[in-house]
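Below you'll find the structure, written out as structure tokens, and then a few comments.
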Amino acid sequence: MGCCFTKRRKSEKAEGEEEQPKLYSWDQREKVDPKDYMFSGLKDETVGRLPGKVAGQQFVIQDCENCNIYIFDHSATITIDDCTNCVIFLGPVKGSVFFRNCRDCKCTLACQQFRVRDCRKLEVFLCCATQPIIESSTNIKFGCFQWYYPELAAQFKDAGLSIFNNIWSHVHDFTPVSGELNWSLLPENAVVQDYVPIPVTEEFKAVRISTEANRSIVPVSRGQRQKYSDESCLVVLFADDYTTANARKLIDEMVGKGFSLVQTKEMSMKTEDAQRVFQEKASDFFLLLDKGPVIALEFNGDDAVQECHLIVNGIFNGTKMFVSEKKETASGDVDSFYNFAEIQMGI
């Protein structure tokens, strides 16, 4: 007596069995409601988002009047349209911040790109990795970003921004007017809290904020303001586990002794860059460049080079730095020459 068995193929469905819809990766993502990332049509309010509440999303601010707006998180892009007499703080923005048709606003923000169009009377404390752009705008004033709260450093990393890449004062005006200047720099002694005050509402009390210059996540630089001295000092720090901490320590020491920080830069150096900067010694340092980006700091003040050597020799251990001297004539013409001195500590 024989038996016959058959297998039901996987593609065959049992009678009455319903086929389940196929799930794709994008179907499993958490749904985003654009209204959660927007402030629109507000008047006389203090609003914002706490750390972790934006998490890299796009944000829109529009049609707000007499409002204080604080975004204590990183975001993808932010547009601010048709806002009047507002105070605005924006945590690190991976892409662009774009102001359009706004007036009488005071802001502190950090971003990759900054653009202003059809605006008037904006006062901005800025950290921007690229050249700020204004267009068809008047009375735009710039200062250097100066702000701290504990989550801010990590938010800069999440946004892909370096705290050392900040050309806040290198502004380009697409629509210049002959004989007029549509933008200027805020006074060097401008107090950030006079423009963008720390919020006092119950919601934001948990954010531990400081606007003191020596606590700012972004080093406070002079930018294109006139230098005090004909002598400037360029310091290059090579990548290791403590490069950022060493750069911050050197800044604190030099500024504490009365020297001004002109500008900072974090960048990867190629062979041709090293040959141009380090000249005949370049080949000795190619291996250092392979370890990662370097951080460059420019200080200004009489005897800046000598004092920098003293600080490095007295404080830093096991850190390789290079110090160059750059002098300017009284007329402002640059008489550049690089007398690089290798400072190898702990050897």
Taking ILVMFWY side chains as joined if any heavy atoms are under 4.5 angstrom apart, and letting links pass through other members, which residues group with I133?
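Members alongside I133: F174.
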Quick one, [X] and [Y] - any side-chain contact, counting heavy atoms below 4.5 Å?
| X | Y | answer |
| --- | --- | --- |
| L250 | V235 | yes |
| C128 | T130 | yes |
| I295 | F238 | no |
| V87 | P197 | yes |
| L90 | S75 | no |
| F142 | L186 | no |
| V192 | F145 | no |
| M267 | P293 | no |

For [Y], is there any backbone N or O sitting under 3.5 Å from a side-chain donor or acceptor partner on [X]?
| X | Y | answer |
| --- | --- | --- |
| S210 | Y148 | no |
| S260 | V262 | no |
| S137 | R120 | no |

Rounded at 0.5 Å granularity, tell me how far [atom1] in [X] sits from [atom2] in [Y].
| X | Y | atom1 | atom2 | answer |
| --- | --- | --- | --- | --- |
| D290 | T271 | CG | OG1 | 7.5 Å |
| F125 | E123 | CZ | CD | 7.5 Å |
| K43 | E65 | NZ | CD | 4.5 Å |
| L261 | F259 | CG | CZ | 12.5 Å |
| Q275 | M269 | CD | CE | 10.0 Å |
| D303 | C233 | CG | SG | 11.0 Å |

Taking only residues two or more places apart in sequence or in another chain, which ones pass side chain to side chain donor-acceptor pair (under 3.5 Å) with E188?
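E188: side chain to side chain donor-acceptor pair (under 3.5 Å) contacts with R222, Y228.
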Salt bridge check: are E298 and K227 linked by an N-O gap of less than 4.0 Å?
yes
Can we say E253 and K249 salt-bridge, meaning some charged N sits less than 4.0 Å from an Asp/Glu carboxylate O?
yes
Under 3.5 Å side-chain donor-acceptor pair for [X] and [Y]:
| X | Y | result |
| --- | --- | --- |
| S221 | W168 | yes |
| T211 | Q193 | yes |
| T243 | D240 | yes |

[X] versus [Y], closest heavy-atom pair with distance:
| X | Y | answer |
| --- | --- | --- |
| A304 | E231 | N-OE2, 3.3 Å |
| L234 | A296 | CD1-CB, 4.1 Å |
| V305 | S232 | CG2-O, 4.2 Å |
| W183 | L185 | CZ3-CD2, 3.8 Å |
| I209 | P199 | CD1-CD, 3.8 Å |
| Q113 | C111 | O-SG, 3.1 Å |

Qualifying residues under side-chain contact (heavy atoms from CB on, under 4.5 Å), relative to D302, sequence neighbours excluded
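For D302 the side-chain contact (heavy atoms from CB on, under 4.5 Å) partners, ignoring immediate neighbours, are S229.
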When the aromatic ring centroids of F89 and W147 are compared, is their separation below 6.0 Å?
yes
Shared hydrophobic cluster for I140 and I80 (ILVMFWY, side-chain gaps under 4.5 Å)
yes
Picking from I134, V171, N139, what satisfies side-chain contact (heavy atoms from CB on, under 4.5 Å) with N182?
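Filter result, single survivor: I134.
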Show every donor-acceptor pair shorter than 3.5 Å between a side-chain atom in residues 47-62 and any protein atom, with sequence neighbours excluded, or say none if there are none.
unit_1	atom_1	unit_2	atom_2	d
R49	NE	D36	O	3.2
R49	NH2	D36	O	3.0
Q62	NE2	S40	OG	3.1

Within a 6.0 Å radius of atom CD on E202, are there more than 12 heavy atoms belonging to other residues, nucleotides or ligands?
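Not buried by this count: 12 neighbours or fewer within 6.0 Å.
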Are more than 12 heavy atoms, taken from residues, nucleotides or ligands other than Y242, located less than 6.0 Å from that residue's OH atom?
no
Return a table of donor-acceptor pairs under 3.5 angstrom between the side chains of residues 92-108 and protein atoms on other chains or two or more places apart.
unit_1	atom_1	unit_2	atom_2	d
R100	NE	D81	OD1	2.7
R100	NH2	D81	OD1	3.4
R100	NH2	D81	OD2	2.9
N101	ND2	D82	OD1	2.4

Taking it one step at a time, do C144 and N166 satisfy side chain to side chain contact (heavy atoms under 4.5 Å, CB included)?
CA-CA 8 Å; C144 184; N166 183 17; 3.6 Å; yes
Under the criterion side chain to side chain contact (heavy atoms under 4.5 Å, CB included), I'd like the reasoning laid out for I88 against L109: C-alpha separation, chi angles, the key distance, then a yes or no.
CA-CA 8 Å; I88 300 173; L109 61 99; over 6 Å; no
Would you give me the side-chain donor-acceptor pairs under 3.5 Å for residues 155-163, sequence neighbours excluded?
unit_1	atom_1	unit_2	atom_2	d
Q155	OE1	Y149	OH	2.6
Q155	NE2	F72	O	3.2
S162	OG	F164	N	3.1
S162	OG	E266	OE1	2.5

